[in-house]
Structures are given as structure tokens and as C-alpha cells.
Amino acid sequence: MKPSNLNVIAAVFFSMLIVLPAGADVPATEEVPYVQTPDAVVETMLDIAGVRANDFLIDLGSGDGRIVITAARRHGARGLGIDYDPRLVQEARGKAQAAGVSGHVAFAEQNLFETDLRPASVITMYLLPDVNLALRPKILSQLKPGTRVVSHDWDMGEWKADAQVEVPVPDKKIGLKKSSTIYLWLVPARVEGRWRMRLPPRGVPVDFELRQKFQEIAGTATIRGNKFEIDSAVLRGNIISFRIDDGKRSWHLYGTASAGRMVGQVGLGGRAYRWRALRADSKRPE
């Protein structure tokens, strides 16, 4: 996929947390064999994440530091690389100094599962499938909705990627091109549960309940005692949109979801109104 197409993908997602029990046991060690990420893959990972100067990127399994250093050198981002191998950590620090970005980046010898991910707006990783799955609950519980998570070659199991691209990579040993898969996820807001709002133009009271599996949502709305299915529900990070139709009118709602409320605009009959929904249950995230 061409870089211009990657920019389109990034723009779509950025214009637009359910906490699940761990699906895999945390490995006794996170020692992932070090394999260098090709430069073309590094660039694609940063492009699909839309990395920019105000981002803080954490690279899990940072090796020689190339992802963090490239993010700082080419995009002005700050970053932290995490690796268990002290020799690689030292190598990365030396390369950061040589690239003139020591003031923007840091590298730490640390266990991946003990790393505080909360400061990150972007997470990158090139690990192994079982490590990705073991990290998934931590990613979903610690990171803010909308945080971009990018993985080289391995997915997140049942958590479907919001986007993925194939990157051709030259293999000098066999003289052919192979491909790497790059996956992007946006950490979803936690919206599962019961909500309450009033719909325009006369402030009709509505109770609605959402079901959630990662970024996939569905639900029902109750208006004057009648229950209707919610249509066209989409969740991308903290951006939510859905439609409520009672058979007479159709409300198209678009907005943002935070810990205990949603706010945005609702379209009805060619006009736009403001709307707000508040939680009506105890599922408000801490």
C-alpha cells in the first residue's frame, strides 16, 4: 500500500474500554527473540499510527531503538523504548545520541508487563502472538480511549484490527520480496451499559443499553415503553455514532464518549441539535 493511502487511513480513523479478563496467562518471561524491524516497516508503522510531534510513543521490545528514534527524528515525537536486554538498551541510547534526539527519547531495561503504559498516545510492538494476547488486558485497561496501538506481524486475537496493511520487504538472502503485515487498533472507550438522555425536538426521554465487544457495539433504545434496536452503531476510540428509529422519526447521533457521559450532535429531519447522555448504571470506569 502506498504512503498516500496510509495517510488516508490515518485521517479516517483520527476524524472519527471495555476491560476483559485475560485471554492468556502472562508468560514467565517476556524474552522475545530480537529481530530487526526493516526500515520500510518502521515507516509504515509510524504512518498508519499518524505519529506527530505532540505524541508520546512507547515501543515494547525496542531492540536497537530504531522505531523510537525514527519517530523523534522524522516526526518530532517523544518516546520511550522498553527492552529486557541491557546491551540493546545501551546500543539504543548510543544511536539516539548519534541521531541527535537524546532529548526526545529514553530507553529502559524493564519487564514489558511492569511498564506503565498510561503516558502513551501511541504503542508500537514487534513481539510474539502469545505476548500480544497477554498484554491485551493491560493495553485495554491502562490506555486512554483513542490511543493508537500498532503491531508488526501479529494480531490481538478476538480484538479485530481497525486497519491493516501489507508491506513488501526485500529478503537479501533469497533475493525476493516477502511481506509484513502491520495492524492498527484504536483503544475503544468503555460504553457498555445503560444510558439515559432526551431526544429533540421536545426532549423525549430515552433509555438505551449498549453491548460491547472491544470496538464492536450494539444495543436497544426504549422510548415511551417501546423498545427499538439501535442501528449503524460505530465506535472508534472515544468517537461514537448510532441511529435510533421509532418508526416515525430517525435520529442520527454522533459524538464523544467519556467516563460517564456522551455529548455531541443529533441530526433529525435535516436539522442538527445537541445531545447528551449520562450513565444510568454502575459501570462507569474508574
Taking [X] for the side chain and [Y] for the main chain, is one N or O donor matched with an acceptor at less than 3.5 Å?
{"X": "Asp83", "Y": "Gly63", "value": "yes"}
{"X": "Asp162", "Y": "Leu186", "value": "yes"}
{"X": "Ser62", "Y": "Ile82", "value": "yes"}
{"X": "Gln265", "Y": "Ala272", "value": "no"}
{"X": "Ser121", "Y": "Phe56", "value": "yes"}
{"X": "Trp159", "Y": "Arg136", "value": "no"}
{"X": "Thr44", "Y": "Ala40", "value": "yes"}
{"X": "Gln212", "Y": "Ala189", "value": "yes"}
{"X": "Thr222", "Y": "Gly225", "value": "no"}

Excluding sequence neighbours, so at least two apart, what forms salt bridge (Lys or Arg N to Asp or Glu O under 4.0 Å) with Arg93? none
Measuring only between side-chain heavy atoms, which start at C-beta, is [X] closer than 4.5 Å to [Y]?
{"X": "Arg148", "Y": "Ile123", "answer": "no"}
{"X": "Asp246", "Y": "Asn226", "answer": "no"}
{"X": "Ile223", "Y": "Ile244", "answer": "yes"}
{"X": "Tyr126", "Y": "Asp153", "answer": "yes"}
{"X": "Gln164", "Y": "Ile48", "answer": "no"}
{"X": "Trp195", "Y": "Leu278", "answer": "no"}
{"X": "Met125", "Y": "Leu112", "answer": "no"}
{"X": "Glu216", "Y": "Lys160", "answer": "yes"}

Distance-only donor-acceptor check, side chains [X] and [Y], under 3.5 Å:
{"X": "Asn238", "Y": "Ser258", "answer": "no"}
{"X": "Thr37", "Y": "Arg66", "answer": "no"}
{"X": "Gln110", "Y": "Thr115", "answer": "yes"}
{"X": "Thr181", "Y": "Glu166", "answer": "yes"}

Taking 4.0 angstrom as the limit, do [X] and [Y] come out as a salt bridge?
{"X": "Lys213", "Y": "Glu192", "result": "no"}
{"X": "Lys95", "Y": "Glu91", "result": "yes"}
{"X": "Arg78", "Y": "Asp55", "result": "no"}
{"X": "Asp281", "Y": "Arg194", "result": "no"}

Lys227, Arg224, Arg279, Arg196 screened by salt bridge (Lys or Arg N to Asp or Glu O under 4.0 Å) with Asp207, the one that passes: Arg196
Closest contact, heavy atoms only, [X] versus [Y]:
{"X": "Leu268", "Y": "Pro200", "result": "CD2-O, 3.5 Å"}
{"X": "Val206", "Y": "Ala221", "result": "CG1-CB, 4.1 Å"}
{"X": "Phe107", "Y": "Ala96", "result": "CE1-CB, 4.0 Å"}
{"X": "Pro205", "Y": "Arg198", "result": "CG-NH1, 3.5 Å"}
{"X": "Arg276", "Y": "Met197", "result": "O-CB, 3.2 Å"}
{"X": "Val169", "Y": "Val41", "result": "CG2-CG2, 3.7 Å"}

Begin with the C-alpha distance, continue with both residues' side-chain angles, and end with the deciding distance and a verdict on side-chain contact (heavy atoms from CB on, under 4.5 Å) for Ile67 and Met45. CA-CA 9 Å; Ile67 291 178; Met45 293 175 75; 4.0 Å; yes
Using the side-chain contact (heavy atoms from CB on, under 4.5 Å) rule, pick out the option among Leu57, Asp39, Val42 that qualifies with Thr70. Val42
Within this structure, what is the OG1-CG distance for the pair Thr124 and Asp59, rounded to the nearest 0.5 Å? 3.5 Å
Spatial distance of atom CD (Gln142) from atom CG (Leu135) [nearest 0.5 Å]: 10.0 Å
What about Val263 and Val266, same hydrophobic cluster or not, with Ile/Leu/Val/Met/Phe/Trp/Tyr joined at side-chain heavy-atom distances under 4.5 Å? no
Is the gap between the ring centers of Trp185 and Tyr183 under 6.0 Å? yes
Sub-6.0 Å ring centroid separation between Tyr254 and Phe242: no
Please report the C-alpha distance between Leu60 and Leu117 in whole Å, then the side-chain angles of each, then the deciding distance to 0.1 Å, and finally whether the side-chain contact (heavy atoms from CB on, under 4.5 Å) criterion is met. CA-CA 10 Å; Leu60 300 177; Leu117 303 180; 4.0 Å; yes
For Trp251 and Arg243, run side-chain contact (heavy atoms from CB on, under 4.5 Å): C-alpha distance rounded to whole Å, both residues' side-chain angles, the deciding distance at 0.1 Å, then the answer. CA-CA 6 Å; Trp251 294 270; Arg243 183 167 64 89; over 6 Å; no
Does [atom1] in [X] sit with more than 12 non-hydrogen atoms of other residues, nucleotides or ligands closer than 6.0 Å?
{"X": "Glu109", "atom1": "CD", "answer": "yes"}
{"X": "Arg73", "atom1": "CZ", "answer": "yes"}
{"X": "Arg249", "atom1": "CZ", "answer": "yes"}

Between Asp155 and Asn132, is the side-chain contact (heavy atoms from CB on, under 4.5 Å) condition met? List the steps. CA-CA 7 Å; Asp155 62 20; Asn132 276 17; over 6 Å; no
